[in-house]
Structure formats: structure tokens, C-alpha cells
Asks: 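What follows is a structure written as C-alpha cells; I'll ask about it next.
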Amino acid sequence: MTTKSIGTTMMDEKTRESILSRLSGYRYTHTLGCERAARQLAFRFGYDPERAGFAALLHDITKRLSKEEQLQLCEKYDIIPCDIEMREWKMLHGRTAAAIAAAEYGADSEICEAIAFHTTGRAEMTLLDKIIYLADYIEDTRDFDGVERARELARDSLERALLYCFDSSLADLIARNKLIHADTVAARNWILDQL
């Protein structure tokens, strides 16, 4: 059996199977694609591919849950949703997935924070934050206008690719008359400042 150290936990085939058993259909395929993309980005930009792969496997582990189930997890793990997360409750899956990652899979704080912010981004993103956000956006099963451009930018610069992703996501949210999380605006401004 192959075992690899991931922070305070061990990533072995049993752990991997446990995580994947909680996913099905598109979410399963997407998660494997995200894991591949995260490992590739980690290798390209000098981060541990095993840690990036572990975070990617866990990033959507609660995505399939209903609003009521998300709120139950928030209560269980002392997560206090902001007003926007209460209205756009699907955003909660990053935070609840991070709680499950820590409680059930022993993920450390760096991994949990990358999972928690993979849908919104945040100011002062770590290298792992950038990798997981971008891997989720560009993984090879994604097929939407602009994804090829994001993949192309990601070959050379995480920051340029992220700025493109934030700009595209914000334009999409505005077009669909959706609320925008303050963390996304902060992330976009911070990345722009880095460039």
C-alpha cells in the first residue's frame, strides 16, 4: 500500500477511497480532474503535488448537500455564515468541506484554508490557495467560454490566470444578477496589486 504524508495525516488508498466514495456523477469526475490539475500546477509552480492533490480531492466533498445539510454542518463546526452566504448558500460548501477535511481526514490549516476559499478566493492568497482555486476553474472536464484562455495563462503565471478567472467570474455573476462575496472582490484587487 502506498502511503504519503500530508501535513498531520497520511494519504493512503483507504483515505482516497473514503473521499471518493462521497462523490458521484459529475462531481466525482470533476474532483479527479481538479486533482490532476492541482498536481500539475503544484509541480509547475514549486509546491508539493501530494498536498495539492489531497486538497483538491477534498474541495467539493460537501457540494452535493442541501441548504439544510450545509447549515447543520455550519452549526456542528461553529461556522457563522455571512449574509451573502445565507442567501447564496451554495458558497458554504467550501467552508463545510474544510471542516470535514480537518475533522475526518486530519487536513492541516493550510489545506483547510485553500479548500474554504476555493470558490471565492481571498486577499493574500497562499500558493496553495491559488493552485486549488485555479485547478477548480481549469480542470480538463470544464467546458465553457474562456476556459482555454485561463488554461493558457496558467502555463506561465498563476497571478495572470487568477486575474482572468476573477474578471470572468465577476462578469458572469453580474450578468446573472447574483450577489458577489466581498472575499472575491478583495482577491481580485489583491491579485491586481501583485501584478
Side-chain angles (χ1 to χ4, degrees), residues 1-20 22-23 27-63 93-95 97-102 104-144 146-166 168-169 183-184 187-188 190-191 194-195:
M1 172 170 40
T2 303
T3 303
K4 296 177 178 150
S5 177
I6 309 292
T8 59
T9 193
M10 300 301 282
M11 177 68 163
D12 57 23
E13 282 307 311
K14 186 176 178 184
T15 301
R16 182 182 174 78
E17 287 172 17
S18 172
I19 295 167
L20 292 174
R22 299 170 84 152
L23 306 167
R27 193 61 41 209
Y28 180 91
T29 306
H30 163 68
T31 296
L32 291 178
C34 190
E35 179 193 22
R36 284 189 299 275
R39 287 175 180 275
Q40 291 166 357
L41 289 168
F43 182 78
R44 185 176 303 140
F45 293 102
Y47 189 82
D48 181 348
E50 297 302 324
R51 288 177 59 80
F54 185 54
L57 280 177
L58 288 161
H59 85 287
D60 272 355
I61 201 162
T62 61
K63 179 90 179 212
H93 81 275
R95 296 178 70 191
I100 296 291
E104 297 186 26
Y105 296 100
D108 63 32
S109 62
E110 181 191 31
I111 289 171
C112 290
E113 288 179 7
I115 294 167
F117 291 99
H118 83 269
T119 58
T120 60
R122 63 174 171 167
E124 299 183 30
M125 292 173 81
T126 67
L127 180 55
L128 183 59
D129 290 349
K130 294 173 186 178
I131 288 168
I132 298 306
Y133 185 97
L134 195 53
D136 185 38
Y137 196 95
I138 67 168
E139 61 89 3
D140 57 19
T141 71
R142 295 286 203 194
D143 183 23
F144 54 85
V147 73
E148 286 301 330
R149 178 65 179 147
R151 289 175 183 142
E152 180 182 308
L153 289 167
R155 291 188 189 103
D156 298 316
S157 169
L158 285 174
E159 290 73 23
R160 291 195 186 288
L162 283 166
L163 181 61
Y164 177 85
C165 294
F166 287 133
S168 297
S169 294
D183 285 341
T184 304
R188 193 257 180 201
W190 179 76
I191 286 287
Q194 302 309 297
L195 293 170

Asks: What's the separation between atom CG in Asp156 and atom CZ in Phe45, rounded to the nearest 0.5 Å?
Replies: 7.0 Å

Asks: Does any part of the side chain of Leu162, heavy atoms only, come nearer than 4.5 Å to the side chain of Tyr137, both counted from C-beta?
Replies: no

Asks: Output the distance between atom CD1 (Ile111) and atom CG (Asp129), rounded to the nearest 0.5 Å.
Replies: 11.5 Å

Asks: What pairs with Tyr47 under side-chain hydrogen bond (donor to acceptor under 3.5 Å, both in side chains), at least two apart in sequence or on another chain?
Replies: Arg51, Glu110

Asks: Quick one: CG on Asp136 to CD on Glu35, what's the gap to the nearest 0.5 Å?
Replies: 13.5 Å

Asks: Contact between Leu134 and Cys165 at the side-chain level, heavy atoms closer than 4.5 Å - yes or no?
Replies: yes

Asks: Within the structure provided, determine whether Glu17 and Lys14 are in side-chain contact (heavy-atom separation under 4.5 Å).
Replies: no

Asks: Taking side-chain hydrogen bond (donor to acceptor under 3.5 Å, both in side chains) as the test, write out the residues that go with Ser157, two or more places apart.
Replies: none

Asks: Which atom names give the shortest non-hydrogen contact between Ile115 and Ala55, and what distance separates them?
Replies: CG1-O, 3.7 Å

Asks: Got Arg22 and Arg27 here, is their nearest side-chain heavy-atom distance under 4.5 Å?
Replies: no

Asks: Give the minimum heavy-atom separation between Asp140 and Gly33, together with the two atoms involved.
Replies: OD1-CA, 4.0 Å

Asks: Set out, in order, the CA-CA distance, both residues' side-chain angles and the distance that settles side-chain contact (heavy atoms from CB on, under 4.5 Å) for Ile100 and Leu58, then state yes or no.
Replies: CA-CA 8 Å; Ile100 296 291; Leu58 288 161; 5.6 Å; no

Asks: Do the non-hydrogen side-chain atoms of His30 and Lys63 ever get within less than 4.5 Å of each other?
Replies: no

Asks: Using a strict threshold of under 4.0 Å (side-chain N to carboxylate O), is an ion pair present between Arg149 and Glu152?
Replies: yes

Asks: If only atom types and distance count, is the side chain of Thr120 paired as donor or acceptor with the main-chain N or O of Asp183 below 3.5 Å?
Replies: no

Asks: Could you check whether any side-chain heavy atom of Phe166 comes within less than 4.5 Å of a side-chain heavy atom of Tyr133, counting everything from C-beta outward?
Replies: yes

Asks: Is there a side-chain contact between Arg151 and Val147 (heavy atoms, below 4.5 Å)?
Replies: yes

Asks: Any chance the side chains of His118 and Asp60 put a donor and an acceptor closer than 3.5 Å?
Replies: yes

Asks: How far does CG of Leu153 sit from CD of Glu159, to the nearest 0.5 angstrom?
Replies: 11.5 Å

Asks: For the CG atom of Leu32 and the CG atom of Leu57, what is their distance to the nearest 0.5 Å?
Replies: 7.0 Å

Asks: What heavy-atom pair brings Ala154 and Ile138 nearest, and what distance separates the two atoms?
Replies: CB-CD1, 3.9 Å

Asks: Between Ala114 and Leu128, what is the shortest heavy-atom contact and its length?
Replies: CB-CG, 3.7 Å

Asks: What pair of heavy atoms forms the shortest contact from Ile132 to Ala56, and how long is it?
Replies: CD1-N, 3.8 Å

Asks: What closest approach, in Å, do Leu127 and Gly46 show between heavy atoms, and which atom pair accounts for it?
Replies: CD2-O, 4.2 Å

Asks: What is the distance from atom CG of Leu20 to atom CD of Glu13, rounded to the nearest 0.5 Å?
Replies: 9.0 Å

Asks: Cut-off 3.5 Å, side chains only: do Tyr105 and Ser18 have a donor facing an acceptor?
Replies: yes

